[in-house]
Number of protein chains: 2
Amino acid sequence: MSPRRVTLADVAKAAGVSRPTASLVLSGRGRELRISQDVEQRVLRAADELQYRPNIVSVGLRTGSTRTIGFVSDTVATSRLAGDMIKGALEAARERGVMLFIGETEGDPELERLLLQAMHDRQVDGLILASMFTRTIKVPKGVTAAPAVLLNALPKQPGTLPAVIPDEIEAGRLAARVLLDAGHREGIYVIGAGPGMRNVPPDTVAGVERLRGIREALGEAGVKLAGGRLCEDWQPEYGLTETRELLRTRRPRALICFNDRIAMGAYQALDDAGLKVPQDVSVVSFDDHPIASWIRPKLTTVALPHYELGRKAVDVLFDEIGRDQPDPGRKGEVHRVTMPLRTRESVAPPHTGGSAG
Amino acid sequence: MSPRRVTLADVAKAAGVSRPTASLVLSGRGRELRISQDVEQRVLRAADELQYRPNIVSVGLRTGSTRTIGFVSDTVATSRLAGDMIKGALEAARERGVMLFIGETEGDPELERLLLQAMHDRQVDGLILASMFTRTIKVPKGVTAAPAVLLNALPKQPGTLPAVIPDEIEAGRLAARVLLDAGHREGIYVIGAGPGMRNVPPDTVAGVERLRGIREALGEAGVKLAGGRLCEDWQPEYGLTETRELLRTRRPRALICFNDRIAMGAYQALDDAGLKVPQDVSVVSFDDHPIASWIRPKLTTVALPHYELGRKAVDVLFDEIGRDQPDPGRKGEVHRVTMPLRTRESVAPPHTGGSAG
DNA sequence: CCCAATTGCTAAATCGGGTTAGCGCCCGAT
DNA sequence: ATCGGGCGCTAACCCGATTTAGCAATTGGG
């Protein structure tokens with residue numbers, strides 16, 4: 001089928017030198033080891049003419065480095081967000097000439113074990129352990145064989161592994177500030193979690209930190225959260241029912257939804273109640289899911305920087321790989337990636353619409 | 001850091017035999033080569049106790065098979081659909097003990113070349129070339145070095161590579177049949193392409209084949225398409241404007257939208273016009289994007305079987321790898337994967353609502 | 001003119017495992 | 001006693017690179 005790969009031996013023969021000589025020239029160490037200009041040129045020409053490319057499998061065997069890293073996540077399919085994270089990692093890896101193995105655990109520890117094993121069997125240089133929504137995870141035993149980084153996750157035992165997560169606290173502050181800047185002071189409700197710090201879905205870092213940021217920013221402005229409703233799951237249907245429930249007794253001026261899918265449900269509930277966004281009710285949200293710009297009016301939301309998270313994870317991983325002896329001091333550093341605001345059409349000053357509050 | 005991997009030599013020493021003997025036992029060829037029960041047991045016990053795992057890099061170097069395949073796509077981030085395709089491929093690969101390299105070309109031929117090169121440098125056993133929407137592509141030169149399969153794409157020159165694509169023609173028939181079965185005979189419009197076979201976005205297999213299927217199924221039932229509007233891009237905003245445009249002059253009883261995003265736009269236009277789905281207008285669509293079950297009423301749609309496509313591609317690839325001499329007859333076979341109907345709430349018989357047509 | 005120090009390259013070992021040829025040993029047959 | 005043959009295992013080479021040690025040839029100094 002294919003006309004056998006060109007090997008280093010072929011290049012050496014074509015250049016009339018030995019294999020090691022060719023190797024030295026091609027690895028750039030020819031100079032320091034005093035290979036003559038003449039030989040160097042011959043080797044380089046031969047390599048070029050034969051289109052020689054080193055076999056990375058062989059190099060991997062010899063040197064231990066396969067120029068390959070593993071990306072293990074709990075799910076790849078959840079949403080486009082996952083794809084963006086992989087995309088970021090992919091591009092950062094490509095810039096370093098490194099390839100990515102992808103694996104999915106489905107949350108099954110046994111699958112995870114097998115997957116990590118399979119990656120180590122292939123001598124990966126490092127591992128990225130990714131979660132598709134931010135949370136704390138128990139670091140599996142198998143990761144210690146190679147440098148590793150947590151992505152969108154925090155270790156249950158802090159300090160064991162470096163982690164890269166979105167800066168959710170600042171995101172919460174930002175969402176609150178958007179409303180404050182628009183002039184809102186009253187009738188601000190949260191949908192998805194809260195209003196108290198205890199009313200949060202379990203194990204979600206995002207819930208806790210977004211809420212904390214929101215409360216901090218409002219508090220600093222002397223504004224109090226008017227109320228909030230916890231959603232069992234952050235899906236449109238729950239946003240719909242909880243918002244509908246809220247509207248039975250209250251008349252909000254602004255909603256902070258804990259993600260865009262909840263916001264989508266909230267839109268439906270507001271529409272059913274005859275309330276216009278943003279004239280009657282302003283809505284801010286989190287994630288910047290594609291639907292945020294599909295629903296009308298387009299949703300102002302604080303974006304999860306999935307692409308950047310993926311890139312950053314690779315950066316941190318290579319720091320880790322580069323560092324020979326594990327420096328115990330900065331072992332488990334947590335890197336927070338800024339969540340940018342996407343300003344669209346769902347926020348307006350209060351009292352714009354006809355009916356007063 | 002890590003306590004050096006256990007090698008075959010370690011196992012052999014622990015069992016008190018030579019390396020080749022251990023290798024023979026562990027590769028299952030012990031029997032045919034008459035290794036004694038005693039030695040066999042010792043080797044197996046040693047391997048088990050030491051937790052020996054063969055180094056696949058080394059095996060790859062010797063045997064040429066790295067138990068690794070490459071998945072190269074134009075974009076991974078487009079949508080969750082891409083993720084499902086990868087997920088299907090991932091699971092099928094895992095069942096075979098094979099790992100997946102992921103790469104993204106962004107449609108850039110140079111990037112594609114480098115990526116294929118990088119994969120070949122790592123001695124992949126085969127390649128899957130995936131497109132994130134169905135279309136015909138020019139097969140890049142670099143793929144010939146290993147078995148390859150096109151996924152969600154057809155080769156510009158038929159017969160060069162096997163391909164796996166969704167059965168869009170049958171999907172078109174199915175969508176039409178849903179309306180026919182509900183009793184619709186008149187006022188059926190298409191949004192996204194058509195009504196004529198020439199009114200189709202360029203290079204999209206889906207556009208051509210869905211439309212053909214729709215026209216065939218309607219034709220067989222003696223029903224004529226009442227009209228249609230081509231969308232420049234299959235996004236919600238175009239669905240919105242084209243449907244709005246249609247409603248200015250016509251009063252449709254049923255819409256076949258060419259995908260769910262268009263359908264979402266169509267919903268908005270129908271809502272603006274005061275028309276209820278499905279009482280006034282039935283809507284069928286394609287893709288089964290997540291939003292299909294988020295919008296109200298939930299959208300009946302013919303699903304792109306992304307997960308199955310991914311699995312099938314791996315199956316076909318392994319057929320290809322297994323086949324030693326390329327059988328020229330069935331070289332470029334096209335495998336069509338059935339698109340299943342997701343029946344939801346957007347289709348009803350005509351004349352159900354108050355106002356007669 | 002001889003010894004030492006460069007200079008310029010290669011032989012050989014290595015990584016971890018797979019594969020082939022063949023070496024001793026014990027047995028029975030001649 | 002000798003030969004032939006099956007049995008059970010191992011020596012040796014291979015994959016494609018890197019790396020260390022060291023061999024010739026040249027040059028320089030005394």
(request) Could you state the atom-to-atom distance from CG of B:Leu26 to P of C:dT19 in whole Å? (result) 13 Å
(request) Ignoring backbone atoms, test whether B:Thr21 places a side-chain nitrogen or oxygen under 4.0 Å from the OP1 or OP2 oxygen of D:dT10. (result) yes
(message) Below the 4.0 Å mark, does C:dG18 have OP1 or OP2 next to a side-chain nitrogen or oxygen of B:Ser23?
(response) yes
(message) From C-beta outward on A:Leu8, which listed nucleotide comes closest to its side chain: D:dA17, C:dT10, C:dT19?
(response) D:dA17
(message) Assess, by modelled atom type and distance only, whether the side chains of A:Ser65 and A:Asp125 contain a donor and an acceptor separated by less than 3.5 Å.
(response) yes
(message) Between P on D:dA17 and CD1 on A:Ile56, what's the gap in Å once rounded to a whole number?
(response) 11 Å
(request) Give a yes or no on whether a donor-acceptor pair under 3.5 Å exists between the nucleobase atoms of C:dG17, that is its base, and the side chain of B:Arg19. (result) yes
(message) Less than 4.0 angstrom between a side-chain N/O of A:Ser36 and OP1 or OP2 of C:dC9, yes or no?
(response) yes
(message) Please determine whether a side-chain nitrogen or oxygen atom of A:Ser58 lies at a distance below 4.0 Å from atom OP1 or OP2 of C:dC15.
(response) no
(message) Measure CG/A:Leu61 against P/C:dG16 and give the value in whole Å, please.
(response) 7 Å
(message) Quick check: do A:Ile165 and A:Arg336 have side-chain heavy atoms less than 4.5 Å from each other?
(response) yes
(request) Please name the residue in the list A:Val39, A:Val11, A:Ile35 that meets the side chain to side chain contact (heavy atoms under 4.5 Å, CB included) test with A:Val17. (result) A:Val39
(message) Please confirm whether the shortest side-chain N or O distance from B:Tyr52 to OP1 or OP2 of C:dG16 is below 4.0 Å.
(response) no
(message) As a test of reading the structure: which of D:dG16, D:dT10, C:dG16 is closest to the side chain of B:Leu24, going by heavy atoms?
(response) D:dT10
(request) Report the distance from atom CZ of A:Arg53 to atom P of D:dG16, rounded to the nearest whole Å. (result) 16 Å
(request) Taking only Lys NZ, Arg NE, NH1 and NH2, and the carboxylate oxygens of Asp or Glu, determine whether B:Asp38 and B:Arg42 approach each other closer than 4.0 Å. (result) yes
(request) Counting heavy atoms from C-beta on, name the nucleotide in D:dC14, D:dA17, D:dC9 closest to the side chain of A:Val59. (result) D:dA17
